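Here is the structure we will look at.
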Amino acid sequence: MVWTLLADGLVAALLIAAIVVGIRLDRRLDVLRSGRAEMAALIKALNAACERADLSVAQLRAAVKEGEDTLNQPLGSARALRDELSIMIESGDRLASRLEQAASNTRVLTPRTGVRTEAARETVTTGEAPLLKALKGLR
């Protein structure tokens, strides 16, 4: 009888320990369940924030594209003007070189007075006439 009493006491102690562990486990599961509901709410908020971010990125891309289109138009005009100006500068440089060369070829000065002779004046006038016409044509 002593053995049965000890065995019954041991089983009772184990049952009490199992009940205590069960109660503690139930409390932890309750905390986990409440945390699960909070986690679901957090995930929903995160999804909403991601959708807003996607919408904002799409709007930002559209704004960048619009700005790019707006800036490309004046840039194209500026590049065309730059090219036209560089051509005009090259033409002006060539014309200035030709004028300088023509002026140095047609200038005839008398050695003592430094004044042009009448023949030299006519040569200068005749030599400069095509250049003056070219300059007037560029206007």
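None of the values given here were measured: they were computed from a predicted structure. Scope of the values below: all heavy atoms of this structure, side chains included, with no hydrogens, waters or symmetry mates.
Other cluster members for Val11: Leu15, joined by side-chain heavy-atom distances under 4.5 Å among Ile, Leu, Val, Met, Phe, Trp and Tyr. Val21 shares a hydrophobic cluster with no other residue; no ILVMFWY side chain has heavy atoms under 4.5 Å from its own. Grouping Ile, Leu, Val, Met, Phe, Trp and Tyr residues whose side-chain heavy atoms lie under 4.5 Å apart, directly or via other members, places Ile23 in a hydrophobic cluster with Ile19.
Taking OG from Ser77 and CD from Glu84, the interatomic distance works out to 11.5 Å, rounded to the nearest 0.5 Å. Atom CZ of Arg24 sits about 13.0 Å away from atom CG of Leu29, to the nearest 0.5 Å. Taken to the nearest 0.5 Å, the CZ atom of Arg52 stands 10.0 Å off from the CG atom of Leu55. Rounding to the nearest 0.5 Å places SG of Cys50 at 11.5 Å from CD1 of Ile43. Separation of atoms CE (Met1) and CG (Leu6) is listed at 12.5 Å; rounding is to 0.5 Å. Taking CE from Met39 and CG from Leu32, the interatomic distance works out to 9.5 Å, rounded to the nearest 0.5 Å.
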As a quick check of understanding, evaluate side chain to side chain contact (heavy atoms under 4.5 Å, CB included) for Leu42 and Glu38, giving each step before the final call. CA-CA 6 Å; Leu42 182 63; Glu38 291 173 6; over 6 Å; no
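Among residues two or more places apart in sequence or in another chain, the salt bridge (Lys or Arg N to Asp or Glu O under 4.0 Å) test is passed with Asp30 by Arg33. With sequence neighbours left out, Asp26 forms a salt bridge (Lys or Arg N to Asp or Glu O under 4.0 Å) with no residue at all. Lys44 pairs by the salt bridge (Lys or Arg N to Asp or Glu O under 4.0 Å) definition with nothing, not counting sequence neighbours.
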